[in-house]
Peer 1: 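Here it is: the structure, laid out below.
Order of the sequence lines fixes the chain letters, A, B, ..., with proteins taken first and strands second; residue numbering starts at 1 for each chain. All values reported here derive from a predicted model rather than from experimental measurement.
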Amino acid sequence: MSRGVARTGTSPERKYRAVSSSPTVSSTWAVRPEWGPCPAGGAPSEDELDTTITIPPVTDTSLIDGDVLQRVLSAALANGGDMAEVFAEDSATATAMLDDRRIEELSSGRSRGAGIRVVAGETTGFAHTSDLSEAGLLAAASAAASVARGRGGGGRTVAVALGPPAVHDRGARTLPGTVAKSTKLDLLVRADEAARAAGGSISQVQVGCGDSRRRVLVANSDGLLAENDQIRTRFNVMCVANGDTGMQTGYESLARTEGYEIFERYNVEDIARIAAGRALAKLSARAAPSGEVPIVLAGGSGGILFHEACGHGLEADHILKDASVYTGQMGKLVASPLVTLVDDGTVLGEWGNVAFDDEGHAPSRSVLIENGVLTDYMWDWLRARKEGRTSSGNGRRQSYQHLPMVRMTNTYLLAGRENADEIVAQTPSGVYVSKLGGGQVNTTTGDFVFGTTEAYLIEDGHLTEPLRDANLIGNGPEVLRRIDAVADDFDMTPGTCGKDGQSVPVGCGQATLRITGVTLGGTA
Amino acid sequence: MEVYVTRGSENEVRAYDGEVESLTSADSSGVGIRVLLDGTGGEGRRLGFAWAGSLDPAVVQDALGAARDNARYATPDPDVVLAEPDGVPSVEQDLWDDAVITVPMQDKIALALELERSTRSADPRVRQVSSADYSDSRVEVALASTTGIRSETRRTTAFVSVDAIAGEGADSQTGTGFSVGRSPATLHPDEAKADAVLRSTRLLGAQKARSARCTVVFDPRVVSTLLSVVGSALSGEAVVKGRSLFAGRIGESVASGDFTLTDDPTNSRAFSASSYDGEGLACRSNVLISDGMLRMFVYDTVSARRAQTRSTGSAVRGGFSGTPSAGCRALVLAPGTKSAEEILASVGEGLYVQSITGVHSGVNPVSGDFSVGAEGLMIRGGCLAEPVREVTVASTLQRMLQAVVAVGGDLRWLPGVAAGQTLAIADMQLSGD
């Protein structure tokens, strides 16, 4: 599997990815995990560490002093401009990977820096630096300010009255930095053993875990000052099963905006067995059907349907450029009356949760579609300003090296009242999808794909044969109108959403539902 | 111990509606450190890794300590080693053009604005240009190890792209065009514009097609994507870990007779050409599939040892924050003699695919299952006919390689890890109505 596909590092070599920037792409964990996998025994315990710490760890102190912020913001507006912003970040990541029965790689990473944005009219200037000293910040401010030159705004001295920082309780109890490496590796070994014990046909197992602590400070010339401390933890298992019909893969992940306390609630053996079970089931799978079929999506199977079918199309940047099939549809029926869709960055612990967005604004619970009627779009500061409204807290960015844009947080369909088993029983023939992989959408046409990674035939209201992987293709508004049943078994799943070359963590949620017809791209 | 250091800078201009929407300029640098420790009792070695997005001495010192500590937790393994000089000479390449630095920013801005303006006015059916971008970068990479590796590479890139939206009535269709080079002067914005306009306008009126089994002709840009997926299954690391559909098939016929696939980063026309690989060994030209027969896999040092062979100079890494792994860097399929038009004529009836979606969700390089969303035009009587959207094309990678019926002579050097040309594959399943 190509390592290059999922990579979204901050390397200067990243530019070539711009080629695929036209459609928005999301993948609920691309097959190849972005954080390394790894395991085996004999690791020393954490208290033997003697690492020389020469720079402070990611700590609770402010990233930049308030008086420095004021001088930098003033410098950023030296040529004029409507708004200047400093986004500073200090993040530490740790990953561990078990592959081929060995703990292959432990990796530690550190990234610190600031991005400075100057907005002058319709133009944004942006510069970033890894130098958080006042001199480094002033140099970046000067570079960002160059866009305002010649616009006649003139320099203005900004007395930025920064309020007290809005600091959010991170909600994590067990910070990743306090967990012994040997404890993390034990999780990997346990998952490897459980996956291999799931069936003799499991021929390869890759287990990865990763955590990050990301300290963020946002300050702008409107006086906003927000500090944020984001903890994320994730765990993933990829299995290969080998049989008479060749090899098949199975994947499962856990990812939360929490610390290592998640492993008190979630069992890594369960995650491993689910991944192994998917690979094993597909060894006896037949080719998926070709053509339009009724589809039942299991609760928590990915939720990526809504992320692609309408989520991206409801982002205000696409709307304002008339590059979305949902432009001009406000107040109109765009989906089945069973559809009430919400984007909600406030769901504590979910993968797309944010205490503040990356422009310092509080997240909100936005009802985007209510009983099938389009009620709202998602907004960042820049696009909200154009429309004379406030941000909905959907301004996000991958890192300090990126400009913010409109992004989803946790996007989910509200549960219905039906029973999941009965929905299947009332489907004479079709396909039941118990797990979805990634997807991709062209927001302008509304055409989107999403892939199955575990699916079964429905015959006479019963699940029968397993099916090999395939993509489904549909048009957003059309598919949403064809939803004719929604159950009460809501669940959420984590994913990584890519847009214009930037990746951010998102959540997707849905209950079991049925679509009366979608084109399934199988070969049978 | 091995240290990998990068330093670079980049500029990006985005034009929209006659104005500069955003202007980005930035420098960045970073370091990746691998530390190898002897295992206790001589049973093998252990590797640890750490990276930092800074060359500040204190930060680098900290990363070194983290890498050393991480190594203590790895499983001892006799195959884990750092690369050593292997005597293969590197091919010097000129991948650097100072013009990326010397051309004033105002000229780069003008390039983006003009691309946006000219695309908007190129065809009355173009109703929107959602973005027109110019970007460039320069990157220098140095690698040194205690095993005697010393390598330095540097490259510049320049890039323009434009996204056009064509409209007629309620129908909207999109098309992207781009051009890559080593400097602003080597770009062809007119080709980017023409491509975006052609691709968006010719899809106007597209409908779903009827499901059928047919020959599919793929556009060069799509072929580049397909080859990169095939290349990922030719990674020696995927092979030794039992995750490649090609494992155990060396010497077998895996593709049709006119399919010859080479990974050749020594050709400076390739976008990702390089003199050295991600472990500092000389890049070399490796013929992977010759006349349909599987000849070899690509290896980095560790996967080569596991397979009891030698590195093929094919270590790739995702910048300073990634560790090396075996992978293809500059795939090129030996061109045939036919033009795209001649291939369409020879196919007669089928589907021409101009772009695909869902590669990451519908193509599995382990099982070979292949299912992607597609848009393009039907082929009727050997010519392009009515436009098609919202369909999928499916098969398996194994069957597709065997079913290649024509390889075009219209080779295009494209960004990414593979070049592309027109390619026709028989007996694929088209799913629509």
Peer 1: Residues two or more places apart in sequence or in another chain: which of them pass side chain to side chain donor-acceptor pair (under 3.5 Å) with A:Ser133?
Peer 2: A:Asp131
Peer 1: Please flag which part of B:Leu430 lies under 4.5 Å from any non-hydrogen atom of chain A: side chain, backbone, both or neither.
Peer 2: backbone
Peer 1: List for me each residue that meets side chain to side chain contact (heavy atoms under 4.5 Å, CB included) alongside A:Ser107, sequence neighbours excluded, and say none if there are none.
Peer 2: A:Thr95, A:Glu105, B:Phe49, B:Trp51
Peer 1: What residue in B:Arg213, B:Gln173, B:Arg127 has the most heavy-atom pairs under 4.5 Å with chain A?
Peer 2: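 The option with the most such pairs is B:Arg127.
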Peer 1: Just by distance, no angles: are the side chains of B:Ser361 and A:Asn471 close enough, under 3.5 Å, to form a donor-acceptor pair?
Peer 2: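 Indeed, the side chains of B:Ser361 and A:Asn471 share at least one donor-acceptor pair under 3.5 Å.
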Peer 1: Which atoms of B:Asp77 come close to chain A, meaning under 4.5 Å heavy atom to heavy atom: side chain ones, backbone ones, both, or neither?
Peer 2: side chain
Peer 1: Is chain B contacted by the side chain of A:Asp322, its backbone, both, or neither, given a heavy-atom distance below 4.5 Å?
Peer 2: both
Peer 1: Would you tell me whether A:Thr249 and B:Asn364 have side-chain atoms, one donor and one acceptor, within less than 3.5 Å of each other?
Peer 2: yes
Peer 1: Taking every non-hydrogen pair under 4.5 Å, which of B:Ala374, B:Gly373, B:Gly358, B:Ser244 racks up the most with chain A?
Peer 2: B:Gly358
Peer 1: Report the distance from atom CZ of B:Arg14 to atom CG of A:Asp500, rounding to the nearest 0.5 Å.
Peer 2: 4.5 Å
Peer 1: When rounded to the nearest 0.5 angstrom, what distance separates CG in A:Leu472 from OG1 in B:Thr392?
Peer 2: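 Taking CG in A:Leu472 and OG1 in B:Thr392, the distance rounds to 8.5 Å.
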Peer 1: Measure distances from A:Leu520 to the heavy atoms of chain B and classify the residue's part below 4.5 Å as side chain, backbone, both or neither.
Peer 2: backbone
Peer 1: Under 4.5 Å heavy-atom distance to chain B, tell me which part of A:Asp469 shows up: side chain, backbone, both or neither.
Peer 2: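 Both backbone and side chain.
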Peer 1: Highest number of heavy-atom pairs under 4.5 Å with chain A: which of B:Val316, B:Asp369, B:Leu414?
Peer 2: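 Most heavy-atom pairs under 4.5 Å with chain A: B:Asp369.
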Peer 1: With a 4.5 angstrom heavy-atom cut-off, which part of A:Leu283 approaches chain B: side chain, backbone, both or neither?
Peer 2: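 Interface part for A:Leu283: neither.
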Peer 1: Walk me through it: do B:Glu10 and A:Gln401 pass the test side-chain contact (heavy atoms from CB on, under 4.5 Å)?
Peer 2: CA-CA 11 Å; B:Glu10 60 187 46; A:Gln401 299 181 319; over 6 Å; no
Peer 1: Using heavy-atom distances under 4.5 Å, tell me whether A:Gln204 contacts chain B through its side chain, its backbone, both, or neither.
Peer 2: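 When you check distances to chain B, only side chain atoms of A:Gln204 fall under 4.5 Å.
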Peer 1: If you measure only the distance, is there a donor-acceptor pair under 3.5 Å linking the side chains of A:Thr124 and B:Ser22?
Peer 2: no
